[in-house]
2 protein chains.
Amino acid sequence: MSDDDRGGLHRLVAARLDEVGQLYTGNRRRLIELLADAGPSTLPELLVAGDGLAQSSAYRNLTVLAEVGVVRRLVHGGDHARWELAEELTGHHHHLVCDLCGTVVDVELPMEVESLMDRAFDAAAAAAGFDVDHHNVDILGRCADCRVTGN
Amino acid sequence: MSDDDRGGLHRLVAARLDEVGQLYTGNRRRLIELLADAGPSTLPELLVAGDGLAQSSAYRNLTVLAEVGVVRRLVHGGDHARWELAEELTGHHHHLVCDLCGTVVDVELPMEVESLMDRAFDAAAAAAGFDVDHHNVDILGRCADCRVTGN
DNA sequence: TTGCTTGCAAATGATTTGCACTGCT
DNA sequence: AGCAGTGCAAATCATTTGCAAGCAA
């Protein structure tokens with residue numbers, strides 16, 4: 001994310017919090033910065049990078065940020081959930097997930113692929129009586145690091 | 001799943017267990033039957049349907065069945081994980097997930113869509129240094145029941 | 001001074017494990 | 001006999017919550 005977008009990011013988060021009477025405190029700003037810098041992160045990762053941030057505050061703040069729609073909780077197989085900035089802030093994307101170390105990296109797919117998937121998903125869901133709201137794609141495999149270390 | 005396949009299913013599971021010196025016991029057979037009948041199910045659902053099956057045995061048996069590759073553990077947002085028969089037994093498929101009640105239903109996508117996705121995913125992953133092993137697609141929305149009840 | 005935040009400690013709840021017992025081979 | 005499977009109760013561990021003190025409008 002460019003430094004240019006960073007200001008807009010903070011302004012949007014502050015506005016969203018304000019709408020529900022919540023403040024954009026230092027802890028919350030730090031979490032947003034960390035997620036903007038590091039992408040999908042676990043709570044322990046955020047605590048290590050967060051310099052003294054209390055665990056309970058981190059969980060509470062991430063929950064609040066998710067409630068106002070600026071953060072999203074991801075759940076894959078590992079012990080800890082992962083948190084990332086919401087798509088409204090990052091754009092629509094999917095995830096590369098390493099089967100070995102659990103790392104999650106964002107990927108964007110070509111627009112034609114997204115629209116073909118949308119059409120296919122709508123059709124498949126309609127046949128089962130579902131109304132589609134959105135879709136998540138996880139691409140699982142081995143990340144560059146784990147390929148090298150032969151994990 | 002047809003009754004015809006059911007016999008083959010049990011034979012395959014028994015063989016897989018046998019390979020690692022484990023038995024195809026009544027509890028394990030019951031779990032396989034329940035998953036074949038009900039699709040992706042939570043542990044509480046399996047216990048209710050399982051008539052006296054102990055919780056710890058259910059967890060332990062599902063773990064063993066997953067280790068020999070006949071069962072898969074799914075994790076979406078809810079309180080409980082869900083378990084389903086592995087794709088080797090059911091064929092490749094994806095999931096419709098109800099945002100409101102958490103129900104998960106299997107869907108199959110047209111072959112052309114799968115192959116287009118495979119190609120797109122390989123290309124996107126390669127750009128990030130990932131080797132793709134497989135992919136999961138979750139289609140999220142509102143199931144037929146929740147549409148009716150206006151949950 | 002009213003209400004949102006914070007950190008600590010305690011509680012919660014899904015899942016796992018220790019153990020003694022039963023049952024297959 | 002010898003090892004796998006079972007159920008109960010206790011332990012684990014990510015996450016949540018109660019509470020008292022700090023801080024902003």
Side-chain angles (χ1 to χ4, degrees), chain A residues 10 13-35 40-68 70-84 102 104, chain B residues 10 13-35 40-68 70-84 102 104:
Chain A
H10 288 307
V13 175
R16 285 300 182 77
L17 287 168
D18 189 55
E19 281 171 21
V20 296
Q22 305 255 345
L23 307 174
Y24 196 22
T25 63
N27 278 348
R28 289 172 185 176
R29 175 178 292 261
R30 198 172 313 142
L31 286 168
I32 293 291
E33 295 268 353
L34 291 172
L35 294 177
S41 309
T42 63
L43 199 100
E45 287 165 359
L46 294 170
L47 292 184
V48 166
D51 184 40
L53 179 60
Q55 189 184 53
S56 62
S57 297
Y59 275 117
R60 253 191 292 235
N61 284 327
L62 289 166
T63 303
V64 170
L65 292 166
E67 279 166 356
V68 301
V70 297
V71 150
R72 178 157 76 125
R73 184 179 197 265
L74 304 178
V75 50
H76 294 110
D79 284 345
H80 293 269
R82 283 177 184 270
W83 303 81
E84 69 171 0
V104 177
Chain B
H10 288 307
V13 175
R16 285 300 182 79
L17 288 168
D18 188 54
E19 282 170 20
V20 296
Q22 305 254 345
L23 306 174
Y24 197 21
T25 64
N27 276 349
R28 290 172 184 177
R29 174 177 292 261
R30 198 173 311 143
L31 286 168
I32 293 292
E33 295 268 353
L34 291 172
L35 294 178
S41 308
T42 63
L43 199 100
E45 287 166 358
L46 293 171
L47 292 184
V48 166
D51 184 40
L53 180 59
Q55 191 184 52
S56 61
S57 296
Y59 275 117
R60 253 192 289 237
N61 284 326
L62 289 166
T63 302
V64 169
L65 292 166
E67 280 167 355
V68 301
V70 297
V71 150
R72 178 157 74 127
R73 184 179 197 265
L74 304 178
V75 50
H76 295 108
D79 283 344
H80 293 269
R82 283 177 184 271
W83 303 81
E84 69 172 0
V104 176

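All of these numbers come straight from a predicted model, not from anything done at the bench. Order of the sequence lines fixes the chain letters, A, B, ..., with proteins taken first and strands second; residue numbering starts at 1 for each chain.
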(request) Identify, with sequence neighbours excluded, every residue that meets salt bridge (charged side-chain N to carboxylate O under 4.0 Å, His left out) alongside A/R82. (result) A/E45
(request) Return the nearest nucleotide to the side chain of B/Q22; candidates are D/dA4, C/dT16, D/dT16. (result)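 Output: D/dA4.
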(request) Could you please name the option among C/dT6, D/dC8, D/dG5 that lies closest to any side-chain atom of A/N27? (result)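 For the A/N27 side chain, the nearest candidate turns out to be C/dT6.
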(request) Establish, with yes or no, whether the OP1 or OP2 oxygen of D/dT6 is under 4.0 angstrom from a side-chain nitrogen or oxygen of B/N61. (result) yes
(request) Using only side-chain N and O atoms of B/S56, determine if any of them is under 4.0 Å from OP1 or OP2 of D/dC8. (result) no
(message) Assess the residue pair B/L62 and B/L46 against the criterion (side-chain contact (heavy atoms from CB on, under 4.5 Å)); give the C-alpha distance rounded to whole Å, side-chain angles, the decisive distance to 0.1 Å, and a yes or no.
(response) CA-CA 11 Å; B/L62 289 166; B/L46 293 171; 3.9 Å; yes
Over how many whole Å does the gap from [X] atom [atom1] to [N] atom [atom2] extend?
X: A/L53; N: D/dT15; atom1: CG; atom2: C1'; result: 15 Å
X: A/R60; N: C/dC8; atom1: CZ; atom2: P; result: 12 Å
X: A/D18; N: D/dA25; atom1: CG; atom2: C1'; result: 12 Å
X: A/L65; N: C/dT6; atom1: CG; atom2: P; result: 10 Å
X: B/L17; N: D/dG5; atom1: CG; atom2: C1'; result: 12 Å
X: A/L31; N: C/dG7; atom1: CG; atom2: C1'; result: 14 Å
X: A/R82; N: D/dT15; atom1: CZ; atom2: P; result: 11 Å
X: A/R30; N: C/dT5; atom1: CZ; atom2: P; result: 15 Å

Roughly how far, to the nearest 0.5 Å, is [atom2] of [Y] from [atom1] of [X]?
X: A/L43; Y: A/L53; atom1: CG; atom2: CG; result: 8.0 Å
X: B/N61; Y: B/Q22; atom1: CG; atom2: CD; result: 9.0 Å
X: B/W83; Y: B/L34; atom1: CH2; atom2: CG; result: 14.0 Å

Any protein N or O atoms within reach of nucleotides 13-15 of chain C? Criterion: under 3.5 Å, listing atom names and distances.
| residue | atom | partner | partner atom | Å |
| --- | --- | --- | --- | --- |
| C/dT15 | OP1 | B/R73 | NH2 | 3.4 |
| C/dT15 | OP1 | B/A81 | N | 3.1 |
| C/dT15 | OP2 | B/Y59 | OH | 2.3 |
| C/dT15 | OP2 | B/H80 | ND1 | 3.2 |
| C/dT15 | O5' | B/Y59 | OH | 3.1 |

(request) Determine the minimum heavy-atom distance between A/P40 and A/L74, stating which atoms define it. (result) CB-CD1, 4.0 Å
(request) Determine the minimum heavy-atom distance between B/V104 and B/H76, stating which atoms define it. (result) CG2-ND1, 3.9 Å
Distances under 3.5 Å between protein N/O atoms and the N/O atoms of nucleotides 22-25 of chain C, please, pair by pair.
none

(message) Donor-acceptor pair, distance only, cut-off 3.5 Å: does the side chain of A/R28 make one with the backbone of A/L23?
(response)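 Pair found, side chain donor or acceptor close to backbone of A/L23.
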(request) Could you tell me whether a side-chain N or O of A/D18 sits under 3.5 Å from a main-chain N or O of A/A14, the two making a donor and an acceptor? (result) no
